[in-house]
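Treat the numbers as computed from the prediction; the structure is a model and nothing was measured. Below, chain A is the first sequence line, B the second, and so on; all start at residue 1.
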Amino acid sequence: MAPFTNPTKHSNFRNRTLDEDRKIPSEMPSRDVYSCTKMISSYVNDFRLDDALQLFDETPVRDIVMWNLMINGCVSCGNLEMGLRLFDEMPEKNVVSWTTMVNAFFKYGMIEEAKGLFREMPVRDTAAWNAMVHGLFTNGRVEEATRLFDVMPDRNVISWTTMISGLDQLGRSDEALSIFRKMVGIGMKPTSTTFCSAISSCGKVGDFILGSRIHGQVTKLGYVFDTYVIASLITFYANCKRVEECVKAFNEKLHQNVVVWTSLLTGYGANDKHEDALRVFGDMIRLGIIPNQSSFTSALNSSREMEAHDWGKGIHGAAIKLGLETDAFVGNALVVLYSECGNIRDGVLSFKEITSKNIVSWNAIIVGCAQHGRGEWAISFFSQMAKTGINPDEITFTGLLNSCSHSGLLKKGRHFFECLQQHTTIEVKLEHYACMVDILCRSGKLEEAEDLVNSMPMEANLSIWLALLSGCRSQSNLEAAERAAKNIFDKDPHCAAAYVLLSNMYAFAGRWTDVARVRMSMKRAGTIKQPGRSWVTQKGSCHSFIASDKSHPLSEKIYEKVEWLRERLRENGYASDQRFALHDVEEEQKEAQLWHHSERLAICFALITGAEGSSITVMKNLRTCEDCHSAIKLIAKIVQREIIVRDSSRFHHFRDGFCSCGDYW
DNA sequence: TTAGGGTTAG
């Protein structure tokens, strides 16, 4: 070890490792309290509590600063008990010691203990009062915090800022802004911290005028280069849908701060500019700014919005390298990304990686399984969730009921609905009724479904009546369908889905006069049927098709593939179900029409462009027709590829001549 | 220039 001329006074600890430093005090004849305190502080910052405590124990002379630091160190390293023991043992306590302990209790959610300690304090300064107000806010006690602020003897700028940020963070940004106005009114000068919270509030309530005015003020005061202020400004402009202003605020200087970058990334996402968001994410990585949990969450959400499965997978890889895939926010985003991009297997794997699963994680996986018709998986996840002690909420039940509907689980569906109504305090909402109606309809219990709609405690909405109407279609019950349709048209005379369902039902029954009548009323109502559209996303580009579409650059090859498949299917004895063509045309034309449905064009596009043997994912805006459903089962078998189709309500996994929905959708 | 109180993205 290098000799020291005067290690006590002049040792320079910079450029040394903690362990090198560690040797110094024990070799010194009399330890300097100041340097030991500094060392303890370093250990604590590195979460090396044992080393900190050892040094603390070995130090013969300990002043109150060291005691206070050690208490705080125990608490911030997660050992409240030790902190409390030191607090009890310390020979003399000052106001800082008491405040440190009050904060410790709040940190662990021990509100009553914190309040008790505050009452016992022999002396309370403004910082102690501020700690109380802040602690109450962070534990959700808005009213108590406000009351305390009202009665505290002195208020400084920190007291006011605590109020503003506390209210803002608990969703009461309008009240936060009135406190801000009051503060300015009495002549109290806000600091950059105050401005941050006020700007955040402006964004949440959409007060563009006040936010811009504050922006002017912070510029004048020279706070505009403060990273906190910049990040708040970017988010404020994003919330106000002023993306250009976000970019302007960001471009004020070259940033190295991850939060500022993430604000921009998230801001783009919040304004549906997902490509820009992902570009920002790429720039961050190129510039060596290490993305954190939030950056990953936003980037994954943007990938999901773009249905860019391959990009999402790349971002997932980057998250794994940083060990962030186990984080709940990142993990939840991954589960939703994968399941919405048709890849429920990776959704489940990502879910399993999450270390601390929260209600959002459980809901994400249950809803994901529901969308993919994996009812049994969803129910099994639900039982696992119950074992962890996390209580289900209304989303969990929507997911469960949807699972039962998409997997045809009538008994389980009834059980969960009854459970929701009788054994929870969760409010039964319209969507729960819609799911139950769906379950009953799809199990052939049309009458019971109608009874349920008629006996509901609230008025049925459009989607409930539509669920019933769809049920009537699959049961071919025209009479009940007409009743449901009447209720729909009473509410919305423009409902395209209802016109289409009804007219298809008449066409099915060969009642062409009624078909014409429905089409006529649809025309009179000025309603236009939404055209069926299917698309495939590759490397962030969306290739979209409508029926008989010839606009794609690869159109010629796509139609060649269509003909090729048509021939292969015919060889396999496939006969198309021409009831789905639904037009008064020659038989041959009807078949050709079916072959030019958008999903078949999209599948052929994916077949000629995707890698050999890889699975194909197609998204569709409407429900897949039954003929396409049968055809795709065979196509999957012939080309030996998995074909995943997401229609308007769920995912279908076609493989080897079968569909995961079991022809039940 | 070693202890307690307020801030940014999701």
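Take Asp393(A) and apply the side-chain hydrogen bond (donor to acceptor under 3.5 Å, both in side chains) test, not counting sequence neighbours, and it matches Asn363(A), Thr396(A). Residues passing the ring-ring contact (aromatic ring centres under 6.0 Å, His included) test with Tyr228(A), sequence neighbours excluded: none. Partners of Phe329(A) according to the ring-ring contact (aromatic ring centres under 6.0 Å, His included) rule, which considers only residues two or more places apart in sequence or in another chain, do not exist here. For Trp362(A), the ring-ring contact (aromatic ring centres under 6.0 Å, His included) criterion is met by Phe351(A), not counting sequence neighbours.
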Next on the checklist: Treating primed atoms plus P, OP1 and OP2 as sugar-phosphate and everything else as base, which nucleotides of nucleotides 4-10 of chain B get B, S or - for protein heavy atoms under 4.0 Å?
Outcome noted: BBBBBBB
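Listed by first then second residue, pairs satisfying side-chain hydrogen bond (donor to acceptor under 3.5 Å, both in side chains) with a partner in residues 230-241 of chain A read His215(A)-Tyr237(A), not counting sequence neighbours.
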